[in-house]
Amino acid sequence: MNALTGDLVFKIPRVNIVTGKKQKSLTSGNSVTVKLPNPVATRHRPISAQDQPSFSQMASDRDAKDERIARISSAIRIIPNFPKPGILFQDITTLLLDPKAFKDTIDLFVERYKGKDISVVAGIEARGFIFGPPIALAIGAKFVPMRKPKKLPGEVISEEYSLEYGTDKIEMHVGAVQAGERALVIDDLIATGGTLCAAIRLLERVGVQVVECACVIELADLKGRERLGDKPLFVLISSD
Ligand SMILES: O=P(O)(O)OC[C@H]1O[C@H](OP(=O)(O)OP(=O)(O)O)[C@H](O)[C@@H]1O
Ligand SMILES: Nc1ncnc2[nH]cnc12
């Protein structure tokens, strides 16, 4: 129980079983080695009603929320050694195969952002394109795709970010957003935080206020959250 919020935070002891002594997380920035016991039980730490003051929240509401997060967590498959040895890949395609868990995912985000005066949901290619549009439709915002280089046909502005070897870029159409708009940035996962930081910079360059970033999964060991500085990050599941 979080003493501050009264939220229940619990661990799902075994979600997916994988083997191997050391597992690395795939990142688009630094590679970090995460030592795990052998055989390895990959753990997801569901985060319930994260950083939402909830003294007045009914216990039954909270239980229902925790139940949804547990369902989402167990629907995500973890594939070891993909796309290269040592990587523990968090595969959200299995979440998409489970309509109830997928709907729960979207609903949890919608419940958080409805009525918050957000006019832009910016989704990061590729997996941010899966979660962003249903959230945008439900909260009455437009969806703006933030794409990998040379994919958007119109005039673009771009922002570079660092990878383990070299750099990458994300791009957004000029005119897709206007100064003063309030945006939510959505992706499936935060690892080092480099991608989300680039998305924030891109939006802020054109005068958009990034209200929050939201991801289904956080690879907490990689400390991407710290890289975001003061920018709030909301996640459903923290994997360590
Ligand atoms: O926090 P970071 O270290 O920046 O990493 C997170 C990013 O990495 C993954 O995308 P990826 O670059 O693999 O692209 P994809 O979604 O097109 O596969 C993920 O979907 C995030 O966008
Ligand atoms: N471990 C991981 N699983 C899935 N996508 C990722 N992007 C960066 N690291 C990842």
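Just so you know, these numbers use all the heavy atoms, side chains as well, and skip hydrogens, waters and symmetry mates. In listed order, ligands and their atoms are each counted from 1.
Of all atoms in ligand 2, listed by their number and element, those nearer than 4.0 Å to a heavy atom of Arg127 are 4 (C), 5 (N). The Gly194 neighbourhood of ligand 1 comprises atoms 1 (O), 4 (O), with distances under 4.0 Å to a heavy atom of that residue. Atoms of ligand 2 lying under 4.0 Å from at least one heavy atom of Leu88, given by number and element, are 1 (N), 2 (C), 3 (N). Interface atoms of ligand 1 facing Thr192, defined by a heavy-atom separation under 4.0 Å, are 1 (O), 2 (P), 3 (O), 4 (O). Those atoms of ligand 2 with a heavy atom of Leu219 less than 4.0 angstrom away are 1 (N), 9 (N). Every atom of ligand 1 is numbered from 1 in the order shown, and the set under 4.0 Å from a heavy atom of Leu189 is 6 (C), 21 (C).
Between atom 13 (O) of ligand 1 and the options Arg127, Lys148, Arg147, the minimum heavy-atom separation is to Arg127. The option with the heavy atom closest to atom 6 (C) of ligand 2, from among Ile79, Ile92, Leu189, is Leu189.
Taking 4.5 Å as the limit, some side-chain heavy atom of Gln90 sits within range of a side-chain heavy atom of Leu219. Considering only heavy atoms from C-beta on, Val110 comes within 4.5 Å of Ile139 through its side chain. Looking at heavy atoms from C-beta onward, Leu189 lies out of side-chain contact with Cys215 at the 4.5 angstrom threshold.
Neither the backbone nor the side chain of Asp188 has a heavy atom within less than 4.0 Å of ligand 2. The proximity of Thr195 to ligand 1, defined as any non-hydrogen pair under 4.0 Å, involves the side chain as well as the backbone. Contacts between Asp188 and ligand 1 below 4.0 angstrom, taking non-hydrogen atoms only, involve the side chain exclusively.
Put simply, the side chain of Asp91 never gets that close to the backbone of Ile78: no donor and acceptor are under 3.5 Å apart.
Residue Gln90 places at least one N or O, backbone or side chain, under 3.5 Å from an N or O of ligand 2. Between Ala191 and ligand 1, a contact under 3.5 Å exists for at least one N or O pair. Residue contacts with ligand 1: Ala126 is placed with a nitrogen or oxygen under 3.5 Å of a nitrogen or oxygen of the ligand (distance criterion only).
Distance CD/Glu204 to CD/Gln209: 8.5 Å, rounded to 0.5 Å. Atoms CG and CD1, on Leu228 and Ile200 in that order, are 5.0 Å from each other to the nearest 0.5 Å. The line from OG of Ser158 to CZ of Arg205 is 6.5 Å long, rounded to the nearest 0.5 Å. A distance of 8.5 Å separates OG in Ser73 from CD1 in Ile217, rounded to the nearest 0.5 Å.
Remark: Lys116 does not engage Glu212 in a salt bridge, criterion side-chain N to carboxylate O under 4.0 Å.
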Determine all donor-acceptor pairs shorter than 3.5 Å in which one atom belongs to a side chain in residues 146-153; sequence neighbours excluded.
residue : atom : partner : partner atom : Å
Arg147  : NE   : Glu125  : OE1          : 2.9
Arg147  : NH2  : Glu125  : OE2          : 3.0

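Distances shorter than 4.0 angstrom occur between a heavy atom of Gly193 and an atom of ligand 1.
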